[in-house]
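Here is the naming used below: chain letters follow the sequence lines, and residue numbers restart at 1 for every chain. What you see below is based on every heavy atom in this structure, not just the backbone, and it leaves out hydrogens, waters and symmetry mates.
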Amino acid sequence: MNIINQTLQENKKLLSIYFTAGYPNLDDTVTIIQNLEKSDVDFIEIGLPFSDPLADGPTIQASSTQALQNGMTSEVLFKQLKDIRKTVSIPLLIMGYFNPIFQYGVEAFCKKCQKVGIDGLIIPDLPVDVFNENYKVTFEKYGLINVFLITPQTSVERINYIDSISNGFIYMVSSASVTGSQSGFGEVQTHYFKRIADMKLKNPQIVGFGISNNKTFTQATEYAKGAIIGSAFIKHLSTKGVDKIDSFVSSINQ
Amino acid sequence: MNTFNINKKGYYGEFGGAYIPEMLYPNVEELRQNYLKIMADSSFQKEFNQLLKDYVGRPSPLYYAKRLSKKYNTKIYLKREDLNHTGAHKINNTIGQILMAKRLGKNRIIAETGAGQHGVATATVCALMGMECIVYMGEIDIARQAPNVARMKMLGATVIPALSGSKTLKDATNEAIRDWINNPVDTHYIIGSVVGPHPYPDMVARFQSVISEEIQWQLKEHEGKTKPDYVIACVGGGSNAAGAYYHFLDDENVKLIAVEAAGKGIDSGESAATSVLGKVGIIHGSKTLLMQTKDGQITEPYSISAGLDYPGVGPMHAHLYKSGRAEFMSITDDEAMKAGLELCQLEGIIPAIESAHALAIFEQKTFQPNDIIVLNLSGRGDKDLDTYINHFKL
């Protein structure tokens with residue numbers, strides 16, 4: 001069983017943190033992952049930076065640009081993660097846009113993921129149908145879970161379809177927005193969270209986009225299994241560096 | 001039948017598709033399900049054709065360029081898209097898309113622009129229809145294209161600087177897409193070229209296909225036949241070329257030539273010749289050829305012509321290149337500028353520098369005296385006067 005599935009069975013609300021690999025400094029990746037685990041984060045999304053991140057707001061864009069300037073590439077990331085499983089045991093996912101993975105070679109990329117101990121991938125611009133037709137078998141061969149997104153605009157039929165082909169969790173985008181652009185959840189979002197919960201999908205839902213503090217985390221996880229924080233954590237890294245990660249995480253998990 | 005046009009799944013050969021985040025899926029899917037139906041509707045056709053005639057000034061002339069033909073000892077016709085309202089072929093597409101937006105019930109229009117030509121064409125049709133217009137433009141492009149920024153503002157558009165990445169066309173496109181993610185219900189995104197996720201490349205090609213539709217009957221009047229031996233067009237994203245090729249795509253007796261911008265030279269590191277320098281990848285929701293690093297990061301192209309410096313080409317053109325259906329040539333800044341000036345002096349026409357790239361191939365390639373060549377003169381050069389002045393020290 002993939003450890004993502006094991007973690008999803010734990011009887012608690014899950015906190016996941018996204019960070020951009022190679023930011024603030026090229027070699028911070030391992031330290032950030034280790035400190036996140038020590039701070040009791042439940043799983044981690046390692047962002048593979050891309051020059052043109054369509055679904056991201058200014059914070060993650062800027063961190064991606066900086067990471068690329070620092071010299072981050074797929075190859076560098078895999079080298080950094082070479083021994084990560086000697087010290088870290090929580091689930092690790094890579095989140096990245098499709099083009100860098102496509103250039104690396106999807107099979108080669110998946111193989112490398114398995115080798116260093118990555119458990120799943122989130123590729124926002126890889127369409128569901130293209131994945132199903134061309135890459136599903138490869139992902140399975142290397143034991144990787146692929147995570148799909150849904151939004152408040154996704155139709156019921158499509159949610160059911162996505163649920164049927166998912167085998168980990170569904171990434172529930174909180175609102176029609178790019179990352180880092182919400183300042184709190186209102187009735188519309190709460191209603192949407194509940195509506196999805198009431199569908200009783202086979203895959204648990206993890207909410208992303210717009211979660212930045214204890215309040216939004218609590219709201220998001222009232223109905224969902226967990227939530228992901230990205231931009232707010234990147235902002236924390238940019239001002240406080242990699243050593244004060246526990247204070248950020250405990251402010252969410254109070 | 002072997003076709004070079006789009007297939008049912010939204011691909012040209014291996015290129016195309018809709019590689020978009022789920023946040024965009026409803027927007028793109030709404031368009032995909034409706035665009036053919038709307039375009040086939042007779043009231044749409046009537047309004048579109050009427051505006052092309054009365055507002056844009058179509059048909060644009062097919063002009064036999066006598067002195068240019070004499071110099072290169074062949075028969076050259078110029079398709080005068082430069083005579084359209086707003087000065088280029090871009091307006092054909094924005095007229096079509098604004099009518100599409102209206103029928104989809106949208107009241108807010110967004111667009112990206114590089115040099116500002118598509119932005120002006122979009123602002124123009126928004127003024128015509130009384131719709132809100134927001135144009136994203138790279139901060140660097142805003143600084144170097146002040147007259148077009150002023151035009152857009154006069155036409156009532158809001159110009160928002162794209163501050164991310166390299167602050168040019170590709171980043172303006174990213175910002176427009178982000179806007180669409182944030183405004184999924186009331187907004188239509190008018191893409192300016194045959195790029196982006198399916199159905200955009202096909203929809204834009206269809207709106208531009210009026211160019212080759214007219215070429216057929218106009219050539220019949222001139223030459224007694226509907227098909228030229230060659231169609232030549234410049235390619236950035238590729239919308240004017242797509243329009244000029246459209247009705248000839250599957251007739252291989254008509255040879256297609258696509259002219260890309262070599263910038264300061266293919267190997268100079270400052271070029272926009274995507275067919276030579278690009279590899280298969282994903283850009284702005286489409287699988288196509290694009291210029292990128294080994295690691296898959298999209299790189300910044302260069303050309304003296306702002307309309308040609310896009311790091312990808314539309315999926316139709318990627319397929320025309322890969323299949324060998326079209327011959328791809330590349331022209332440097334200097335060659336294009338020289339050809340532009342030559343057209344001024346031989347024919348009394350000041351061409352856009354984009355179109356001047358197409359004209360420059362007569363120095364590279366020899367045609368037969370009885371070859372009938374149609375060259376799509378996609379735009380006029382008024383917008384490029386500063387560049388001409390600086391280049392020739394006028």
Derivation and outcome, side chain to side chain contact (heavy atoms under 4.5 Å, CB included), residues B:I181 and A:T151: CA-CA 10 Å; B:I181 288 174; A:T151 80; over 6 Å; no

Looking at every non-hydrogen atom in both residues, tell me the closest pair between [X] and [Y] and how far apart they are.
X	Y	answer
A:A55	B:M23	CB-CE, 3.4 Å
B:A18	A:P127	O-CG, 3.2 Å
A:S51	B:I298	OG-N, 2.9 Å
B:N182	A:V178	OD1-N, 3.2 Å
B:P26	A:Q153	CG-CB, 3.5 Å

Need one label for [X]: side chain, backbone, both or neither, based on atoms under 4.5 Å from any heavy atom in chain A.
X	value
B:L163	neither
B:Q292	side chain
B:Y19	both
B:K279	side chain

Using 0.5 Å steps for rounding, measure from the [atom1] atom of [X] to the [atom2] atom of [Y].
X	Y	atom1	atom2	answer
B:I20	A:F98	CD1	CZ	14.5 Å
B:I282	A:D52	CD1	CG	12.5 Å
A:L54	B:T173	CG	OG1	9.5 Å

Part of [X] within contact of chain B (heavy atom distance under 4.5 Å):
X	answer
A:F209	side chain
A:P53	both
A:D129	neither
A:I150	backbone
A:I123	neither

Greater than 12 external heavy atoms within 6.0 Å of A:E187's CD: no

Residue B:K9 excluded, over 12 heavy atoms near NZ under 6.0 Å: no

Counting C-beta onward and ignoring hydrogens, is there a side-chain heavy-atom pair between [X] and [Y] closer than 4.5 Å?
X	Y	value
A:P124	B:E22	no
B:T293	A:T73	no
B:V280	A:F102	yes

Under 3.5 Å donor-acceptor, B:D295 side chain and A:S74 backbone: yes

N/O donor-acceptor pair under 3.5 Å between A:Q103 side chain and B:Q297 backbone: no

CA sep, side-chain torsions, deciding dist, call: A:R158, B:Y25, side chain to side chain contact (heavy atoms under 4.5 Å, CB included): CA-CA 10 Å; A:R158 193 164 165 86; B:Y25 182 84; 3.1 Å; yes

Side chain to side chain contact (heavy atoms under 4.5 Å, CB included) evaluation trace for B:R178 with A:Q61: CA-CA 12 Å; B:R178 288 181 188 119; A:Q61 285 173 43; 2.9 Å; yes

Salt-bridge contact B:K294-A:E75 (side-chain N to carboxylate O under 4.0 Å): no

